Every structure is written in C-alpha cells, then in structure tokens.
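Computed from a predicted structure; not experimentally measured.
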Amino acid sequence: MKAALHNLGCKVNAYETEAMQQILEEAGYEIVPFSEYADVYVINTCSVTNMADRKSRQMLHRAKKQNPDAIVVGAGCYVQTKEAQALVDESIDIVIGNNKKHELVPLLREYEASHRKMACVADINHEKQAYEELSLSRTAEHTRAFIKVQDGCNQFCTYCIIPFARGRVRSRELPDVLQEIRTLAKSGYREVVLTGIHLSSYGVDNGESLLHLIEAVHELEGIERIRLGSLEPRIVTDAFAKRLSELPKICPHFHLSLQSGCDTVLSRMNRRYDTAEYEVGCALLRRYFEHPAITTDVIVGFPGETDEEFETTERYLERIHFYEMHIFQYSRREGTKAAAMPDQVPEAVKKERSEKLLALGHRMSEEFRRYYLGRQVTALLEEEFLYDGKRYYTGYTKEYVKVAVETEKDLSNTFVTGTLKTQLTEDIYLLVEF
C-alpha cells in the first residue's frame with residue numbers, strides 16, 4: 001500500500017505530519033510524494049485563516065481527484081473546527097481531529113474493512129484532554145529538528161480560532177521530550193527548536209516550566225544549539241533572560257509575538273500585555289545578549305483600527321527595530337469575538353497597511369544583517385547552493401542570519417567559523433576565512 005501526506009500550516013502541524021508518516025511506515029506503508037498515485041492520502045489541515053480553510057479543502061479535493069479509489073484522510077485543525085462540513089464532503093473518507101492522529105492506522109484498517117465514512121474527533125473544548133504522544137526518530141530537515149513539547153492555548157485572543165481547534169494547554173512530560181531529543185542527537189541532529197501552540201505555557205498543567213525544560217535539554221550530549229519557538233512577551237523577565245544568557249547553547253533568536261504596536265488595539269485583541277511591557281522584554285534581551293535577533297508577528301486591519309492607531313503601530317515597530325516581521329492582514333474568523341466587532345477594515349486598506357509594514361520590515365532586516373559584516377560568526381551549514389556558476393553551502397548563524405561558504409566539499413551539518421565579507425544575494429551573506 002502506498003501513502004502520501006501533505007502538510008498545511010505551522011511547525012506543530014509539520015511535526016505531527018512527520019509523526020504520522022513514521023506511523024504509516026512502521027505499519028508497512030510505502031511513502032510516496034503527494035503528487036503521485038497513492039492508496040492513501042493524508043492531509044494535515046490548517047484553519048488559522050479563511051485562506052487556510054480554503055487551501056485545506058482544495059488539497060482534500062485534489063487528493064480524491066488524483067485517485068478516486070484512494071482513502072482520503074482529513075486531519076487537524078480545519079476538520080476539527082468544521083467537523084460538520086467535513087462529514088458531508090464527499091472527498092473525505094476519514095475525519096481525524098486534533099489529539100487523535102495517533103489512531104490513524106487503526107482507522108485506516110477499520111475503513112478498509114467497512115468502506116464507511118468515519119470520524120474520530122474529540123470534544124476538545126469541553127472534555128479534558130491528555131497530551132497526545134507522538135514522536136520522531138528523524139525529521140525532513142537534516143541538521144535542525146523541531147520538537148513539539150506543548151499543545152493547546154488558554155489565551156482566547158479575540159481574533160484567533162486556534163483555542164477552539166487545539167483545546168486547552170497540554171504539556172508533554174519532560175522525560176519524553178528528552179528521550180526524543182537523545183534519539184535525534186544519536187542520528188546526527190545538532191540543533192533543536194522547541195515548539196508548541198503556546199510555548200510559553202509549557203508546564204502550567206504539570207508542574208514544569210519552560211525554563212526548566214530548556215535547562216534539561218541544554219545538558220544533553222550531541223545537541224549544540226537550542227532555538228525557541230514563538231514566545232509571549234510576559235515570559236521575558238529579568239531572571240528568565242539572565243538565565244538564558246548563561247546557557248551557551250541558546251541561540252539569541254527570539255520570536256516575541258506582538259500583533260499590534262498600539263495599546264487600544266492590543267486591548268481589543270485581548271492580548272493581556274501592553275506596548276510598555278513588550279518593550280521591557282525586548283530591552284532585557286538586548287541587555288543580556290549582544291545584538292539578539294528579535295522577530296515578531298503583526299496583524300494589520302484589525303476591526304476598528306484607525307489611521308492613527310496604525311501610525312502608532314508603525315512608529316512603535318520602527319522604534320523597537322526588529323530583525324524580521326511577519327505581517328498578516330486580519331482574517332475574519334467565524335466563531336471569534338472579533339468577527340462580530342463593528343468597523344471591519346476594508347480589504348484595500350489592509351493591503352495598503354501591509355505593504356507599508358513589509359517595506360519597513362525589509363529595511364530593518366537589512367540593517368540587522370549588515371551589523372555582522374566584517375565580524376566573525378559561526379554557522380551551522382545545511383545544504384548545497386549553486387549561484388553564478390559556483391558551489392556553496394548555506395546555513396545559519398545563531399541569530400539566524402543566512403550565510404554561504406564557497407566550497408567543493410560536502411559541508412552539510414558542520415559548523416564553520418569565519419568572517420562575513422559581503423552580501424552574496426538579497427538575504428545571503430558570504431562567509432570567508434574559515
């Protein structure tokens with residue numbers, strides 16, 4: 001039996017898709033590319049925006065069109081939040097919600113025996129859920145492994161559907177995290193990224209803490225770098241930032257979710273912090289780390305966002321001066337409080353504001369990278385890159401600045417130290433004298 005998988009959405013989804021692939025492999029399925037003929041297609045769906053819903057439906061329909069006799073499995077956030085629609089969608093044979101992906105193979109066998117449409121969707125918002133144990137012995141990436149350590153969210157930001165798709169906070173037990181990372185380290189992985197739906201909440205349900213988890217991972221042999229997924233600003237206290245700075249394996253690359261640089265908008269979003277608190281967090285990171293990479297998310301066109309509020313955000317972003325910004329145009333999500341708010345912003349205005357912030361972000365990113373020209377850096381190289389008739393290997397510094405080394409050797413998964421001399425392409429800098 002041949003199986004093909006396709007992932008939509010975040011790094012947590014990607015982790016779960018790879019885990020389902022390994023479950024299928026262990027059950028004897030041959031994994032083939034999604035574009036090829038398969039007996040089973042598994043689409044791990046996303047529902048973070050209306051566009052994500054649409055892409056999820058498109059991929060489900062594409063799978064059934066590729067092989068009408070195949071078993072098409074819709075898994076994840078879209079089918080979790082749109083279960084009724086999924087159950088009447090003729091392109092889907094098996095519906096698997098979040099926290100049920102580990103049941104993939106038994107469900108496939110049951111369907112093969114009955115040929116009746118099946119659904120396995122937990123009542124994730126009303127029934128207490130345990131953390132769903134999935135694990136990886138390898139990942140699609142060759143040098144860096146994303147490790148899911150947490151699921152669910154208790155924040156209920158007014159624009160966000162994810163708490164309804166993922167349920168409440170559930171933390172993975174520390175010994176399970178460490179065992180998975182040990183396995184990956186033995187397979188040659190040298191960098192791990194700790195990730196979750198709301199990573200800062202790790203441990204609130206089981207007596208652990210994110211800092212303790214980081215310290216435990218830091219002690220593992222073979223792992224030489226630790227990155228962190230998206231953090232909430234309020235976790236960055238003086239004690240937190242100081243302790244991280246004392247851990248040599250920590251990458252000074254911090255994604256602090258912002259969403260707006262205007263306090264009135266943050267209040268309508270129910271973000272639970274203000275711009276002053278956020279700025280303190282950034283200042284602490286810059287106190288304890290030399291030139292840390294601070295990145296963020298920003299939503300433009302939130303309901304009621306006036307020109308003045310947007311301009312306040314624009315000025316704030318420039319003052320904080322981020323390495324990278326991910327700019328999103330507000331997407332109205334049925335079932336969230338923001339969807340019913342008055343003064344929805346026209347699409348044309350959202351687009352104009354987005355373009356302004358994208359231009360600002362591009363300029364700030366260039367300024368951040370230029371800081372390293374003429375300085376010595378260390379990069380973990382990942383993959384071959386051919387450019388202008390020459391062969392390079394590219395990789396990233398601890399701050400996630402992308403560099404290239406000209407070489408005829410295979411330098412994948414090796415650390416190199418040298419000086420950044422010049423800009424090779426728009427986002428790649430040349431590393432020499434290593």
Side-chain angles (χ1 to χ4, degrees), residues 3 5 7 10-27 29-33 44 133-150 172-196 199 213-229 244 247-253 255 293 376-386 391-418 428 431 434:
L5 300 94
N7 181 68
C10 64
K11 293 297 184 182
V12 171
N13 258 26
Y15 175 95
E16 293 170 345
T17 300
E18 291 192 54
M20 286 192 287
Q21 176 174 320
Q22 290 189 27
I23 288 170
L24 289 169
E25 288 173 334
E26 289 165 6
Y29 286 85
E30 176 189 351
I31 306 301
V32 299
N44 199 14
E133 278 302 334
L134 298 169
S135 64
L136 297 175
S137 58
R138 65 186 184 284
T139 78
E141 302 214 27
H142 301 298
T143 59
R144 182 187 306 114
F146 286 82
I147 310 296
K148 179 188 171 186
V149 302
Q150 180 276 336
R172 189 175 183 184
E173 294 300 325
L174 180 59
D176 294 332
V177 176
L178 299 181
Q179 184 54 49
E180 179 175 24
I181 295 176
R182 286 191 194 97
T183 299
L184 290 164
K186 288 178 182 176
S187 297
Y189 293 91
R190 308 179 78 175
E191 180 179 312
V192 293
V193 185
L194 304 180
T195 188
L199 182 62
L213 169 65
I214 294 166
E215 290 172 331
V217 173
H218 194 274
E219 295 302 310
L220 297 180
E221 293 184 10
I223 297 302
E224 300 179 57
R225 282 184 176 180
I226 302 169
R227 291 188 194 273
L228 304 177
L244 289 188
L247 302 174
K249 296 180 182 179
I250 285 291
C251 293
H253 172 210
H255 188 86
Q376 189 175 84
V377 301
T378 298
L380 176 57
L381 299 183
E382 298 182 359
E383 60 186 358
E384 184 181 359
F385 173 63
L386 298 176
R391 184 176 183 263
Y392 300 85
Y393 263 82
T394 60
Y396 292 89
T397 68
K398 276 192 167 185
E399 296 81 10
Y400 213 66
V401 173
K402 192 172 186 178
V403 306
V405 172
E406 185 179 353
T407 179
E408 291 301 318
K409 299 177 182 177
D410 181 352
L411 296 181
S412 177
N413 204 28
T414 60
F415 286 98
V416 297
T417 299
I428 302 177
L431 182 67
F434 64 93

Can you give me the closest heavy-atom contact between Leu411 and Thr407, atom names plus distance?
CD1-CG2, 3.7 Å
With rounding to the nearest 0.5 Å, note down the distance linking OG1 in Thr394 to CD in Glu383.
4.5 Å
If you round to the nearest 0.5 Å, how far is CG of Asn413 from CG of Leu381?
9.5 Å
Donor-acceptor under 3.5 Å (Thr397 side chain, Thr378 main chain)
no
Heavy-atom pair with the smallest gap, counting every atom of Ile214 and Ile226
O-CD1, 4.1 Å
So, taking the atom named OH in Tyr189 and the one named CD1 in Ile147, what distance separates them when rounded to the nearest 0.5 Å?
9.5 Å
Rounded to the nearest 0.5 Å, what separates atom CD in Glu219 from atom NZ in Lys249?
7.0 Å
Where do Ser187 and Ser137 come nearest, in terms of heavy atoms and distance?
OG-O, 3.6 Å
Take Glu191 and Tyr396, measure what side-chain contact (heavy atoms from CB on, under 4.5 Å) needs, and give me the verdict at the end.
CA-CA 11 Å; Glu191 180 179 312; Tyr396 292 89; over 6 Å; no
So do Thr417 and Val377 actually touch side chain to side chain, heavy atoms under 4.5 Å?
no
Show me the side-chain donor-acceptor pairs of residues 175-184 shorter than 3.5 Å, one per line, residues at least two apart or across chains.
from   : atom 1 : to     : atom 2 : distance (Å)
Glu180 : OE1    : Tyr15  : OH     : 3.0
Glu180 : OE1    : Arg172 : NH1    : 2.5
Glu180 : OE1    : Arg172 : NH2    : 2.9
Glu180 : OE2    : Tyr15  : OH     : 2.8
Glu180 : OE2    : Leu136 : N      : 2.6
Thr183 : OG1    : Gln179 : O      : 3.1

In sequence, state the C-alpha distance, the side-chain angles, and the governing distance for Ile428 and Val403, and then conclude on side-chain contact (heavy atoms from CB on, under 4.5 Å).
CA-CA 5 Å; Ile428 302 177; Val403 306; 5.6 Å; no
Using side-chain contact (heavy atoms from CB on, under 4.5 Å), reason through Glu215 and Leu247 one step at a time and then give a plain yes or no.
CA-CA 8 Å; Glu215 290 172 331; Leu247 302 174; 4.3 Å; yes
Those residues that, when tested against Gln376, pass side chain to side chain donor-acceptor pair (under 3.5 Å) (two or more places apart)
none
Hey, mind stepping through Leu244 and Leu228 against side-chain contact (heavy atoms from CB on, under 4.5 Å) and telling me if it holds?
CA-CA 11 Å; Leu244 289 188; Leu228 304 177; 4.2 Å; yes
Distance-only polar pair, side chains of Asp410 and Tyr393, donor-acceptor under 3.5 Å:
yes
Sub-4.5 Å side-chain heavy-atom contact between Leu174 and Leu213
yes
Aromatic ring pairing His253/Tyr400, orientation class (parallel under 30°, perpendicular over 60°, tilted between)
parallel
Starting at OG1 of Thr143, measure out to CZ of Arg225 and round the result to the nearest 0.5 Å.
9.0 Å
Do any pairs count as a salt bridge (charged side-chain N to carboxylate O under 4.0 Å, His left out) and have a residue in residues 11-25, sequence neighbours left out, and if so which ones?
Glu16-Lys101, Glu16-Lys148, Glu16-Arg166, Glu25-Arg138
Taking the side chain as every heavy atom from C-beta outward, state whether Pro248 and His218 have any pair of such atoms under 4.5 Å apart.
yes
For Ala185 and Ile223, the nearest pair of non-hydrogen atoms, with its separation, is CB-CD1, 3.9 Å
If you compare all heavy atoms of Ala379 against all heavy atoms of Leu431, which two are closest, and at what distance to 0.1 Å?
CB-CD2, 4.5 Å
Which pair of non-hydrogen atoms, one from Asn7 and one from Ala14, has the smallest distance, and what is that distance?
OD1-N, 3.4 Å
Nearest 0.5 Å, please: how far is OG1 in Thr414 from NZ in Lys409?
10.0 Å
Counting neighbours of CD on Glu221 that are heavy atoms of other residues, nucleotides or ligands and sit closer than 6.0 Å, is the number greater than 12?
no
